[in-house]
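Proteins get letters first, then strands, A, B, ... in listed order; numbering begins at 1 in each.
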Amino acid sequence: MDKRFKHTLVAHKICPFSMKVLTVMRHKNVKFEIKFIETHNKPEWFIRISPLGNVPVLIIGEEVVLSESAIIMEYIDEITHPKLMPDDPLQKALDRAKFEYSNEIIRNLYSFIFSTEQEKFVRQKEWLIKHFKWIEEQLRDKKFINGNELSLVDLSFVPLFVALNMLKSTLPCDMLKDFKRLKIYGEMITSLPCSKTGRVPDYEFLMIDGIKTQNTVLYRSNPCYFNNDSKPQGCCFFRN
Amino acid sequence: MDKRFKHTLVAFKICPYCMKVLTIMCHKNVKFEIKFIEMHNKPDWFLKISPLEKVPILIIGEEVVLFESAAIMEYIDEITPPKLMSEDPIQKALDRAKFEYSNEIIKSLYQLIFSTEQEKFVKIKEWIIKRLKQMEEWLKDKKYINGNELSLVDLNFVPVFVVLNMLKPILLCDILKDYKRLQNYGDSITSLPCAKTGRVPDYEFLMIDGIKNQNTVLFRSNPCYFNGPKPSHCCFFSK
C-alpha cells in the first residue's frame with residue numbers, strides 16, 4: 001500500500017471522540033492502524049505532532065496530521081463515497097452544529113460518570129436529562145436525527161448510547177426511562193455493525209474499572225454492583 | 001427582501017466567536033441584522049432556540065437556527081462565492097483544525113484577561129506564549145497562514161490580534177515582542193476592512209470596563225492604567 005495514504009488513528013481506549021472516528025471508519029470500511037496511548041502519560045512523539053495534545057488524531061502517510069473528531073469524520077466521509085454529508089450548505093451547517101452538540105452531551109455524560117463530587121453529580125444528571133428531553137423532541141416522527149436516512153450526525157451520537165448502555169447494565173438506573181423515542185433510537189444506532197465494531201472490546205470493562213478505581217459518586221452509591229455481590233433490590237442512589 | 005432569507009445574528013457585544021462571524025459577514029458583504037443579548041441575562045426566546053445557550057447563533061428566515069461559529073462561517077462562505085475554503089478534503093480538514101486551534105487560543109486569552117487569580121494568570125500566559133511560538137513557526141516564509149492567499153483560517157485569528165492589540169497598552173510588556181512574523185501578520189489581518197468593521201464600536205471600551213469591574217489580576221497589577229495617568233513601567237511584569 002502506498003505509504004503516503006496509510007491512515008494511522010491515534011486514540012485512547014475509552015475516549016468517546018476516538019470512538020466516533022472508529023465508528024465512521026468501520027462504517028466506511030477504511031483500512032487503518034490504531035495506536036493507543038495513555039492520556040495521563042502521553043508519549044513525546046504524540047505531544048510533538050498534536051497541536052492541542054488531544055485524541056483522536058489521524059496521521060495520513062508520514063506527515064499529515066488531522067485532529068478533532070468532527071473534522072476527521074468529515075474527511076473520512078468525503079474520501080469514501082457515497083458521502084453521508086449532504087451537499088446543501090444549510091444542511092451541512094446544521095449537521096456541523098449537531099456534531100458539536102453531541103460533543104457537549106458526551107463531555108457532560110463522561111463528567112457525570114467520573115464525577116467524584118455529589119453536588120456536581122446531581123447537577124450534571126439534571127443537565128443531561130434536560131438535553132435528553134430536547135433530543136427526544138427532535139426525534140418526533142423521525143427514524144434518524146435528520147429524517148429517514150442515516151447521517152453522520154447519527155454516527156456522532158453512537159458513543160452517547162454506548163456509554164448509556166454501559167451504565168444501564170452496571171446500575172439499575174436507566175437514564176432514558178422517560179424517553180421512549182431516545183431508547184428506540186439508541187437501540188437502533190448501537191445495533192449498527194459499525195457501532196459494534198467501532199470500539200475496543202474492553203471498553204465496558206475499562207469504563208467500569210475507571211468508575212470503581214476513581215472513587216466516583218457512581219461507585220460510592222452502588223458499591224454492590226462493582227464488587228460482585230448479589231444484586232440489591234433497588235438502586236442505592238437514584239431513589240424515585 | 002424575502003423573509004425566508006433574512007439573516008439575524010444573535011451575539012454578545014464582547015464575544016470573540018461572534019466577532020469571527022461578524023468579520024466574515026463584513027468580508028463577504030452579507031446583509032444581516034444583529035440582535036445583542038446580555039450574557040448574564042439571556043432572554044427566554046433565546047434559551048428556547050439555542051440548545052446550548054451559547055452565542056453566536058444565526059437565524060435564517062424565521063425558523064432555521066445555526067450555531068457554532070465555525071459552522072456559521074463555513075455556511076456564509078459557501079453561500080457567497082467565490083469561496084475562501086479549499087475544495088481539497090485534506091486542506092479542508094487542516095483548516096478546520098486551525099479554526100478549533102484559534103478557538104482554544106481565544107478562550108485562553110479571555111481567561112487570561114478576566115482571571116482573578118495570580119497563579120492561574122501566570123499559567124495561562126505561559127500556555128498562550130507556547131501556542132504563539134507554534135504560530136510563529138507556521139508563518140515562516142508565508143504572508144498568511146496558508147500561504148499567499150487570505151483564507152478563512154486568517155479571519156478566524158482576527159479576534160486573537162484584536163485582543164492582543166487591546167492588551168498591548170495595558171500589559172506594557174508586549175506578549176508578541178519576540179515574534180516578528182506574528183506581529184506583521186497581526187498588523188496585516190487587523191488592517192483588513194472586515195477586521196475593522198467586524199465588531200461593535202464599543203468593544204474595547206466594554207472589555208476595559210469588564211477588566212476593571214471584575215477585579216481582575218490585570219486591573220490589580222495596573223490600577224494606574226485604568227484610573228489615571230499612564231505609569232512609566234509595567235507594575236506586574238517587572239523584568
Side-chain angles (χ1 to χ4, degrees), chain A residues 4-5 7 21 47-54 56-61 63-81 83 85-105 107-108 127 130-135 137-138, chain B residues 4-5 7 17 21 47-54 56-61 63-81 83 85-105 107-108 127 130-131 133-135 137-138:
Chain A
R4 276 175 304 163
F5 301 103
H7 288 93
V21 173
I47 297 175
R48 239 179 300 130
I49 62 167
S50 173
L52 293 169
N54 293 334
V57 151
L58 184 70
I59 308 173
I60 302 165
E63 278 177 25
V64 179
V65 177
L66 301 185
S67 54
E68 292 307 313
S69 63
I71 292 168
I72 299 170
M73 286 173 82
E74 271 207 69
Y75 163 74
I76 297 289
D77 183 50
E78 232 176 314
I79 62 167
T80 53
H81 298 161
K83 289 203 305 188
M85 277 295 266
D87 284 317
D88 172 58
L90 195 57
Q91 191 56 54
K92 266 193 276 196
L94 288 166
D95 283 2
R96 286 169 186 150
K98 287 181 186 132
F99 296 159
E100 183 51 33
Y101 182 72
S102 72
N103 283 348
E104 266 301 295
I105 306 230
R107 245 177 251 140
N108 276 279
W127 187 95
K130 189 169 68 151
H131 286 275
F132 290 158
K133 224 180 237 172
W134 196 82
I135 307 174
E137 261 314 293
Q138 300 302 308
Chain B
R4 277 177 300 163
F5 301 105
H7 289 93
Y17 312 104
V21 173
L47 295 173
K48 240 187 286 152
I49 61 173
S50 175
L52 294 170
E53 300 175 11
K54 293 191 199 162
I57 66 171
L58 184 69
I59 309 172
I60 300 162
E63 277 176 26
V64 180
V65 177
L66 298 185
F67 53 99
E68 286 311 307
S69 63
I72 297 172
M73 286 176 85
E74 274 203 64
Y75 163 74
I76 297 288
D77 183 48
E78 237 177 311
I79 62 166
T80 53
K83 290 204 303 189
M85 275 297 262
S86 152
E87 289 295 338
D88 173 58
I90 289 187
Q91 190 58 52
K92 269 194 274 199
L94 290 168
D95 283 3
R96 287 170 185 150
K98 294 200 172 92
F99 298 164
E100 184 53 33
Y101 187 82
S102 74
N103 282 347
E104 288 295 312
I105 299 195
K107 209 188 291 175
S108 296
W127 187 93
K130 244 204 269 179
R131 305 275 95 77
K133 213 182 239 173
Q134 250 173 334
M135 284 189 70
E137 268 313 297
W138 292 352

Original post:
Do you know the tightest heavy-atom contact between B/Pro51 and A/His131?
Top reply: O-CE1, 3.0 Å
Subject >> Part of A/Leu90 lying under 4.5 Å from any heavy atom of chain B >> reply: both
Subject >> Atom of A/Val65, atom of B/Leu94 and distance for their closest heavy-atom approach >> reply: O-CD2, 3.5 Å
Original post:
Using 4.0 Å as the upper bound for N to carboxylate O, is an ion pair formed by A/Lys92 and B/Glu74?
Top reply: no
**OP:** For A/Lys83, check salt bridge (charged side-chain N to carboxylate O under 4.0 Å, His left out) against everything at least two apart and list the hits.
**Re:** A/Asp87
Subject >> Atom group of B/Lys83 that falls short of 4.5 Å from chain A, counting heavy atoms >> reply: neither
Original post:
Quick one: side-chain hydrogen bond (donor to acceptor under 3.5 Å, both in side chains) partners of A/Asn108, sequence neighbours excluded?
Top reply: A/Gln124
Original post:
Is it the backbone or the side chain of B/Trp127 that comes under 4.5 Å from a heavy atom of chain A, or both, or neither?
Top reply: side chain
Original post:
Where does B/Leu58 contact chain A at under 4.5 Å (heavy atoms): side chain, backbone, both or neither?
Top reply: neither
**OP:** Please report the shortest heavy-atom distance between B/Glu87 and A/Glu78, naming the atom on each side.
**Re:** O-OE2, 4.3 Å
Original post:
In terms of side-chain geometry, is the basic nitrogen of A/Glu74 or B/Arg96 positioned less than 4.0 Å from the acidic oxygen of its partner?
Top reply: yes
Original post:
So which of B/Asp95, B/Ile90, B/Ile79, B/Val64 has the biggest tally of heavy-atom pairs under 4.5 Å with chain A?
Top reply: B/Ile90
Original post:
How many angstroms lie between atom CG of B/Leu52 and atom CH2 of A/Trp127, to the nearest 0.5 angstrom?
Top reply: 6.0 Å
**OP:** Over all heavy atoms of both residues, which pair between B/Glu68 and A/Ala97 is shortest? Give the atoms and the distance, please.
**Re:** CG-CA, 4.1 Å
Subject >> CZ-NZ distance between B/Phe67 and A/Lys98, expressed to the nearest 0.5 angstrom >> reply: 8.0 Å
